[in-house]
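Below is one structure; the comments refer to it alone.
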Amino acid sequence: MMKTRQSGKNARRALGMSILLAGGWVAPTFAMPAPPMMSVQVSPRSAITGLGSTSQDGVGVNLSTRYSERSTLQSGTTEVPNPAKQETESQQTTLLLDYRVTDSLTVLLAIPHVDQTASYILPTQDTQTTKGLGDISVYGKYSLYKPSATSEVLALVGVELPTGATDKGNAAGPFSITQQLGSDSTDFIVGAAAVWGFSTFTTYGDFSYKINGSESYTFGNFLGLNAGVNYALPSMDQFSLVGEVNAEIAERDESEVAGLGVLAGGEVRDTGYSKIYLTPGIQWRPGKNSSLTFNAQVPVYQNLKGTQLASEVSYTLGVSLRF
């Protein structure tokens, strides 16, 4: 086990070196945007801290898939040329299982499958594809206050385990750590959420903070803030309109390997950001214990540190059942 762990550390250092020494167009602007769902510290967030987060009896099963693309380089709030034609495409499908252990405590298990592709043409043309199991997360939700079946205040703690592979590559060499299936670190998540139901609509909000484990390449810690409302359509009570505001703040990544793109003190230049999204959606509830939700997350403000691929509209489809 010790030998396997050390091999993983060595592979990670090699990956970090590949980011820093690639030079020119590839490093670190292409590599730095974290894998699209890696930066989302609670996944799928809506079922853990959002609309579907109230404590319920039985076993809950939630299957969600999120699709996103990135092809525009941005520095700060300004779009910049992308001569290397850097692009990413990703889809993450997450199976979330939850079980109410006691009146106040619910445990959850999130198992992600990641399918992502990155491509660029400079300094040499390359396409990098990774597909497989991502980092599995385990959460505990504790009900602090529950005045009704549709209203609740919750606390959240979680741990993300390094189950995703970090040794992927192709004939051109190992992929950068940001194109791997996992982070190779054990990460911790804390947060809180509130859901409040009224006769025709439900409001909800949450915050979560992800503390990434320290490695030779360490992803920046991450704060997420969200607020939303679900409005049941009067003439079609099985359908609801959903609207959310999502905010994300990510600190810069850090690297133990000095080189191109690494600032004094170890911070990686082209990482870290502040983003705000508007997320409209629709929900269909064919039965008491089932729902189908679709939403589109639209970035309305992005302030990126250094030069990075900016977020574009992403789409999420989720199915929830309770037994």
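Keep in mind that this is a model prediction, so the values were computed, not measured.
- The shortest side-chain heavy-atom distance between E89 and D115 does not fall under the 4.5 Å cut-off.
- The backbone N or O of V257 lies less than 3.5 Å from a partner atom in the side chain of S255, making a donor-acceptor pair.
- Under a hydrophobic clustering in which Ile, Leu, Val, Met, Phe, Trp and Tyr are joined whenever their side-chain heavy atoms come within less than 4.5 Å, directly or via other members, L223 and V157 fall into the same cluster.
- Taking A296 as the reference, V313, Y315 meet the side chain to side chain contact (heavy atoms under 4.5 Å, CB included) condition, with sequence neighbours excluded.
- Classification of the F222-Y273 ring pair by plane angle, with boundaries at 30° and 60°, yields perpendicular.
- Considering CD of Q283 and OH of Y231, their distance stands at 15.0 Å, rounded to 0.5 Å.
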Next item on the list: Show the numbers, then the answer: is there a side-chain contact (heavy atoms from CB on, under 4.5 Å) between H113 and K131?
Entry: CA-CA 7 Å; H113 180 274; K131 182 186 298 186; 3.6 Å; yes
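- No more than 12 heavy atoms of other residues, nucleotides or ligands sit less than 6.0 Å from atom OH of Y142.
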**Prompt:** Should D98 and R322 be marked as a salt bridge (charged side-chain N to carboxylate O under 4.0 Å, His left out) after you check the CA-CA gap, both sets of side-chain angles, and the distance that decides it?
**Reply:** CA-CA 9 Å; D98 75 82; R322 181 160 293 277; 2.8 Å; yes
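- T117 pairs with exactly one of T129, T88, T127 by the side chain to side chain donor-acceptor pair (under 3.5 Å) rule, that one being T129.
- Closest approach of V114 and G134 over heavy atoms only: CG2-CA, 4.1 Å.
- Side-chain N or O atoms of Q92 include none that pairs as donor or acceptor with a backbone N or O of P112 at under 3.5 Å.
- In this structure, OG on S90 lies 8.0 Å from OH on Y67, to the nearest 0.5 angstrom.
- Between the CG atom of N230 and the OG atom of S240 there is a distance of 4.0 Å, given to the nearest 0.5 Å.
- How far CG of D187 is from CG of N212: 4.0 Å, rounded to the nearest 0.5 Å.
- Aromatic ring pairs are classed by plane angle as parallel below 30°, tilted from 30° to 60° and perpendicular above 60°; the pair F198 and F201 is parallel.
- Tracing side-chain contacts under 4.5 Å through hydrophobic residues (I, L, V, M, F, W, Y), one reaches F294 starting from L241; they form part of the same cluster.
- Under the 3.5 Å distance criterion, with hydrogens and angles disregarded, a donor-acceptor pair is assigned to the side chains of E152 and S143.
- The nearest pair of heavy atoms linking I121 to P83 is CD1-O, 3.7 Å.
- Side-chain atoms of R252 come within 3.5 Å of backbone N or O of R269 as a donor-acceptor pair.
- With values rounded to the nearest 0.5 angstrom, L96 atom CG is found 8.0 Å from L109 atom CG.
- Annotation for S291 and P286: closest pair CA-CD, 4.2 Å, computed over non-hydrogen atoms.
- Every residue two or more places apart in sequence or in another chain that forms a side chain to side chain contact (heavy atoms under 4.5 Å, CB included) with A155 is listed here: L144.
- With hydrogens and angles left out, the side-chain atoms of Q297 and T316 include no donor and acceptor closer than 3.5 Å.
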Point to revise | side-chain contact (heavy atoms from CB on, under 4.5 Å) assessment of V262 paired with E254 | key: CA-CA 8 Å; V262 178; E254 295 183 358; over 6 Å; no
message = Pair D253, T218 - check side-chain contact (heavy atoms from CB on, under 4.5 Å), show working.
response = CA-CA 6 Å; D253 300 348; T218 301; over 6 Å; no
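- For the salt bridge (charged side-chain N to carboxylate O under 4.0 Å, His left out) condition, no pair includes a residue of residues 286-305, sequence neighbours left out.
- A donor-acceptor contact shorter than 3.5 Å is absent between the side chain of N295 and the backbone of P280.
- By the 4.5 Å heavy-atom criterion applied to side chains, L133 and L181 are not counted as neighbours.
- Using a 4.5 Å heavy-atom cutoff, the side chains of E69 and E87 are not in contact.
- Here E251 pairs with Y209, N221 under the side chain to side chain contact (heavy atoms under 4.5 Å, CB included) rule; sequence neighbours left out.
- A donor-acceptor pair is defined here as one N or O able to donate and one able to accept, closer than 3.5 Å; such a pair exists between the side chain of Q74 and the backbone of G76.
- With a 6.0 Å radius and a threshold of 12 heavy atoms from other residues, nucleotides or ligands, Y99 has its OH atom at or below the threshold.
- Closest approach of S151 and P147 over heavy atoms only: O-CD, 3.5 Å.
- No side-chain donor-acceptor contact under 3.5 Å links R70 to the backbone of Q86.
- Considering every non-hydrogen atom in both A110 and T94, the closest pair reads CB-CG2, 4.1 Å.
- Of the possible donor and acceptor atoms, none in the side chain of T166 sits under 3.5 Å from a partner among the backbone N and O of D184.
- Panel note: side chain Q302, backbone S311; a donor-acceptor pair is recorded below 3.5 Å.
- One N or O on the side chain of Q180 and one on the backbone of K168 form a donor-acceptor pair closer than 3.5 Å.
- A heavy-atom distance below 4.5 Å is not found between the side chains of L161 and D135.
- The hydrophobic cluster containing V300 also includes V245, I276, L278, Y301, under a criterion of side-chain heavy atoms closer than 4.5 Å among ILVMFWY residues, counted directly or through chains of members.
- A side-chain donor-acceptor contact under 3.5 Å links N62 and S320.
- Taking all atoms of both residues into account, the shortest heavy-atom contact from D126 to A172 is OD2-CB, 4.0 Å.
- Hydrophobic clustering (ILVMFWY, side-chain heavy atoms < 4.5 Å, transitive): I211 and L225 are in one cluster.
- Among pairs with a residue in residues 54-64, those fulfilling salt bridge (charged side-chain N to carboxylate O under 4.0 Å, His left out) read D57-R100, at least two apart in sequence or across chains.
- The side-chain heavy atoms of L95 and V61, taken from C-beta on, include a pair separated by under 4.5 Å.
- Around the CD atom of Q238, the shell of radius 6.0 Å holds more than 12 heavy atoms that belong to other residues, nucleotides or ligands.
- Under the 3.5 Å distance criterion, with hydrogens and angles disregarded, no donor-acceptor pair is assigned to the side chains of E244 and Y277.
- To the nearest 0.5 angstrom, L292 atom CG is 9.5 Å from I282 atom CD1.
- Put simply, the side chain of N82 gets close to the backbone of S71: a donor and an acceptor are under 3.5 Å apart.
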